[in-house]
Amino acid sequence: MMDWLLEPSMAEMLFNNEAVVVELLVAQTLFVYRAPHHAGVRRRAVVGVAAMLAVGLALTYLVLPGTGGAVPPLVRSIINFALMYAATNAAIWYVFRCGMRMVLVACICGYAIQHIASAATWIGHLLRVLVPLPFWHTWLAGELMRIVLFAIVYAAGWMLMIRRFDITKLRTSSPRVLLFLIGSVLAISLGLSSYASHGGASPTSQFVFRAVSILACVMILIVFDELSRNQALSDEVAFMKRMNDMRTDYYETLRDTIETTNIRYHDFKHQIARLRAAGGGGERNAVLDEMSASVETYDGIAKTGNAALDVVLTEKSLECSRKRIRFTYMIDAECLTGVSDYDIYSVFGNALDNAIEASEQLSDPERRVIKLTGVRRGRLVNIHVTNYYDHVDCDGDGNLVTSKSDASAHGYGVKSIRMTIGRLGGGVDITAADGIFDLNIVFPCGA
């Protein structure tokens with residue numbers, strides 16, 4: 001009995017099984033670590049790793065031993081790695097305590113990364129026969145190659161996918177779809193790899209089987225990456241729509257307020273004029289002058305001919321006045337014919353919000369200036385917003401990166417403008433140089 005336990009083949013199988021356990025856990029942890037999880041991860045991780053090493057030991061001596069018997073080595077290999085994969089799912093759930101969907105996604109993606117590295121290592125073993133160096137054919141050389149290839153594959157996986165992969169964003173139409181994807185990848189990769197190892201295939205066939213299993217794992221990683229990106233984009237669009245809906249509600253309410261205020265302002269002006277005409281002396285005129293000056297601000301209500309645009313320009317003019325920012329605009333409202341109030345609120349509101357935010361941060365009052373122009377050139381409408389800035393950050397797509405602490409509620413302004421103008425068939429161009437920020441918007445007339 002003891003001779004069987006200590007035979008070299010069993011020691012090698014134990015080493016390989018435990019190595020696969022560690023490789024799987026590392027790859028799966030890379031995917032799940034950034035997901036929300038409960039406190040005490042490190043303590044549970046110690047227990048989880050110890051339990052998985054015990055599972056690897058048990059599988060080595062209970063599933064893999066012997067070459068005879070009713071169960072062929074090919075089937076035993078598939079059972080061994082299938083049970084190991086199932087155990088890692090349980091371990092990852094125990095350690096991180098996140099949702100089961102995130103556990104399933106993290107584990108299959110981690111398995112795919114591990115399998116790509118493992119299959120690449122086996123292909124490397126097949127190619128070693130081409131290297132006429134005695135050391136290259138030793139066990140140590142094989143393990144060094146395994147370490148190097150795993151490091152390369154894991155690093156490539158991190159750079160190309162894992163670091164920007166948001167596992168919380170991934171959605172499938174139903175749990176059955178997710179389980180089908182997982183089952184398909186496991187069946188193809190485990191089946192082909194086990195057959196390549198224990199099915200008596202030729203070296204050429206082994207190479208093909210390993211390459212196909214790598215391709216299957218790469219494909220599932222691409223599928224999950226695209227699902228995550230699409231869901232993140234859908235969430236972002238939904239968020240921008242909610243923000244624009246709130247902006248529209250606000251401006252619609254403000255429009256009624258401005259119209260009422262405008263009527264009251266003109267009535268008040270006429271009453272002051274009648275009182276002034278009635279006479280009453282210098283003291284009375286001084287009081288009337290003070291009253292007239294106190295409401296002079298309301299004389300700045302925009303009158304471009306487009307009611308929605310008038311609301312935005314009036315509200316931003318008052319805001320700029322309070323913040324001591326000089327805001328000038330010259331725009332032909334006719335060029336906005338065919339553009340909905342919703343889109344006008346979104347585009348002009350977001351553009352001016354960004355300009356005001358940048359102008360507020362300027363210490364030099366002479367540079368606290370915002371200029372808005374809008375003209376029609378042929379069949380195109382050109383909207384131009386210019387302001388000074390001290391510092392501006394943009395991401396790779398030219399979208400502004402907010403300077404506010406609550407980044408989750410900000411930074412969508414330019415994205416929203418791009419989305420709206422893109423729907424109108426136009427484009428947005430941003431330049432920031434020499435302290436001057438230019439937002440240039442072009443779209444077809446009558447969009």
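Note that these values count all heavy atoms, side chains included, but never hydrogens, waters or copies made by symmetry. Residues take their numbers from the sequence shown, with the count starting at 1.
Residues Ala433 and Tyr389 share a closest heavy-atom pair of N-OH, 3.4 Å. The shortest heavy-atom contact between Cys445 and Val381 is SG-CG2, 3.6 Å.
Qualifying side chain to side chain contact (heavy atoms under 4.5 Å, CB included) partners for Val177, counting only residues two or more places apart in sequence or in other chains: Thr172, Ser173, Ser174, Leu181. Among residues two or more places apart in sequence or in another chain, the side chain to side chain contact (heavy atoms under 4.5 Å, CB included) test is passed with Asp434 by none. Here Arg326 pairs with nothing under the side-chain hydrogen bond (donor to acceptor under 3.5 Å, both in side chains) rule; sequence neighbours left out. The salt bridge (charged side-chain N to carboxylate O under 4.0 Å, His left out) test applied to Arg376 returns no partner, not counting sequence neighbours. With sequence neighbours left out, Tyr94 forms a side chain to side chain contact (heavy atoms under 4.5 Å, CB included) with Arg44, Val47, Arg97. Residues forming a side-chain hydrogen bond (donor to acceptor under 3.5 Å, both in side chains) with Glu319 (at least two apart in sequence, or on another chain): Lys323. Not counting sequence neighbours, Glu18 has no partner by the salt bridge (charged side-chain N to carboxylate O under 4.0 Å, His left out) test. Taking Asp353 as the reference, Arg247, Lys316 meet the salt bridge (charged side-chain N to carboxylate O under 4.0 Å, His left out) condition, with sequence neighbours excluded. Contacts of Leu372 classified as side chain to side chain contact (heavy atoms under 4.5 Å, CB included), with partners at least two apart in sequence or in another chain: Leu313, Phe327, Tyr329, Phe348, Ile383, Val385.
Centroid-to-centroid, the aromatic rings of Phe437 and Tyr388 stay 6.0 Å apart or farther.
Side-chain polar atoms of Thr304 and Asn306 form no donor-acceptor pair below 3.5 angstrom. No side-chain donor from either of Ser359 and Asn387 sits under 3.5 Å from a side-chain acceptor of the other. There is no side-chain donor-acceptor pair under 3.5 Å between Glu23 and Ser118. Checking Thr386 against Asp438 by side-chain atom types alone, a donor-acceptor pair falls below 3.5 Å.
Note on Arg368 versus Asp364: no salt bridge recorded, every NZ/NE/NH1/NH2 to OD/OE distance being 4.0 Å or above.
Side-chain contact between Val103 and Phe96 is absent, with no heavy-atom pair separated by less than 4.5 Å. Using a 4.5 Å heavy-atom cutoff, the side chains of Asn17 and Val21 are not in contact.
Among residue pairs with one or both ends in residues 205-220, those qualifying as side-chain hydrogen bond (donor to acceptor under 3.5 Å, both in side chains) are His115-Ser213, Ser197-Arg210, Ser202-Ser205; sequence neighbours excluded. The salt bridge (charged side-chain N to carboxylate O under 4.0 Å, His left out) pairs that include a residue from residues 336-347 are Arg255-Asp341, Asp343-Arg423, where partners are two or more places apart or lie in different chains. Applying the salt bridge (charged side-chain N to carboxylate O under 4.0 Å, His left out) rule to pairs touching residues 185-194 yields nothing, sequence neighbours excluded.
To the nearest 0.5 Å, atom CZ of residue Phe224 and atom CE of residue Met219 are 12.5 Å apart.
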